[in-house]
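These notes concern the structure reproduced below.
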Amino acid sequence: MILAACFISVVITLADSVKPGDKFSSQLKLIFSLVFICGILTAALNGQYESGFDLSFDTDNIETYDSISGAAESSVISSAESSIADTVRNVLDENGVSYEKITASINIEEDSRININEIGYKGDEPERAAEVIRENIGDTEVRNIE
C-alpha cells in the first residue's frame, strides 16, 4: 500500500509539472486526488500490502497452546495446594495439634475462585485436627491419608 502511494505520488508530481497552465490547475488537482485515492483503495482491496503483523491463525500449534495452558493451570493449582497445606500446618501448630503429613486438593472455578475439595491429614489426632481445620479454614472435608 505504501509502495502504491509512493508510485502514484511520483506520477502525479510528474504530470503536475507538465500541465498546460494554471487555467486547469483546480480540475487537475481534483483528478489527481481521485487517482491517488483510487490507487490506494485498489491496493488495499486487492490485498497487495503487508500490515507488518502476522494475522494468520496457526492451527498446527493448537495442541501446543493447549498443553502450555494446561501446564500453567497445573502449576497454579500445585502452588495453591502447597500454600493451603502450609496454612493448615500453621493453624495446626498454633493449636497444638500434631501431624506427620498435610495435603490439600483444590479446583479453580471459571470465575477464578478457589474451592478446597479436601484436606489430607496424617497423624495421631484426626478428629481434633478436623475440628481445628474446619474452625479456621472453613467447612471442608478432612480425610485421613497414608
Side-chain angles (χ1 to χ4, degrees), residues 1-17 19 25-146:
M1 199 160 80
I2 293 171
L3 182 62
C6 290
F7 178 75
I8 293 170
S9 295
V10 169
V11 171
I12 289 173
T13 303
L14 291 174
D16 191 39
S17 68
K19 68 181 177 190
S25 181
S26 61
Q27 289 86 359
L28 285 175
K29 284 184 182 181
L30 176 65
I31 292 171
F32 290 155
S33 297
L34 291 174
V35 168
F36 184 76
I37 291 171
C38 288
I40 299 297
L41 288 176
T42 302
L45 294 175
N46 288 336
Q48 297 175 355
Y49 66 94
E50 290 188 24
S51 65
F53 300 105
D54 183 16
L55 300 176
S56 64
F57 185 70
D58 189 5
T59 58
D60 295 337
N61 291 326
I62 289 177
E63 291 178 11
T64 303
Y65 298 143
D66 288 342
S67 68
I68 291 171
S69 174
E73 184 175 340
S74 176
S75 176
V76 167
I77 288 173
S78 175
S79 176
E81 287 175 343
S82 176
S83 178
I84 290 170
D86 288 342
T87 302
V88 170
R89 284 185 200 96
N90 291 337
V91 166
L92 293 176
D93 286 340
E94 289 173 2
N95 287 284
V97 178
S98 64
Y99 58 89
E100 291 178 38
K101 183 178 180 182
I102 299 294
T103 62
S105 173
I106 67 161
N107 65 347
I108 299 177
E109 299 291 326
E110 291 293 323
D111 60 354
S112 300
R113 287 185 297 146
I114 295 176
N115 290 330
I116 302 173
N117 296 332
E118 66 181 29
I119 301 294
Y121 171 82
K122 180 178 181 182
D124 296 332
E125 306 173 77
E127 293 84 19
R128 186 160 179 246
E131 180 182 321
V132 168
I133 291 170
R134 288 188 185 113
E135 285 176 3
N136 291 282
I137 304 297
D139 190 26
T140 185
E141 180 182 348
V142 179
R143 183 177 57 89
N144 287 328
I145 58 173
E146 297 294 319

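Note: hydrogens, waters and symmetry copies are ignored here, and every other heavy atom, side chains too, is used.
Atom CD1 of Ile114 and atom CD1 of Ile77 lie 9.0 Å apart (nearest 0.5 Å). Residue Ile137 holds its CD1 atom at 8.0 Å from CD1 of Ile84, rounded to the nearest 0.5 Å. Interatomic distance, Ile102 CD1 to Ile133 CD1, rounded to the nearest 0.5 Å: 5.5 Å. To the nearest 0.5 Å, the span separating NZ on Lys101 from OH on Tyr121 amounts to 14.0 Å.
Evaluation of the side chain to side chain contact (heavy atoms under 4.5 Å, CB included) rule for Ser83 yields no partner, not counting sequence neighbours. For Asp93, there are no salt bridge (charged side-chain N to carboxylate O under 4.0 Å, His left out) partners, not counting sequence neighbours. For Glu125, the salt bridge (charged side-chain N to carboxylate O under 4.0 Å, His left out) partners two or more places apart in sequence, or in a different chain, are Arg128. Not counting sequence neighbours, the partners of Asp86 by the side chain to side chain contact (heavy atoms under 4.5 Å, CB included) test are Ser82, Arg89. When the salt bridge (charged side-chain N to carboxylate O under 4.0 Å, His left out) test is applied to Asp111, the partners found at least two apart in sequence or on another chain are Arg113. Listed by chain and number, the residues in a side chain to side chain donor-acceptor pair (under 3.5 Å) with Asn95 amount to none (sequence neighbours excluded). With sequence neighbours excluded, the residues that form a side chain to side chain donor-acceptor pair (under 3.5 Å) with Asn115 are Glu109.
Nearest heavy atoms, Ala104 versus Ala85: CB-N, 4.2 Å. In terms of heavy atoms, Pro126 sits closest to Gly123 at CD-O, 4.2 Å.
Listed by first then second residue, pairs satisfying salt bridge (Lys or Arg N to Asp or Glu O under 4.0 Å) with a partner in residues 132-146 read Glu118-Arg143, not counting sequence neighbours.
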Legend entry - Leu92 vs Asn136, side-chain contact (heavy atoms from CB on, under 4.5 Å): CA-CA, chis, key distance, verdict: CA-CA 9 Å; Leu92 293 176; Asn136 291 282; over 6 Å; no

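Glu81 contributes a side-chain N or O that, together with a main-chain N or O of Ile106, makes up a donor-acceptor pair within less than 3.5 Å.
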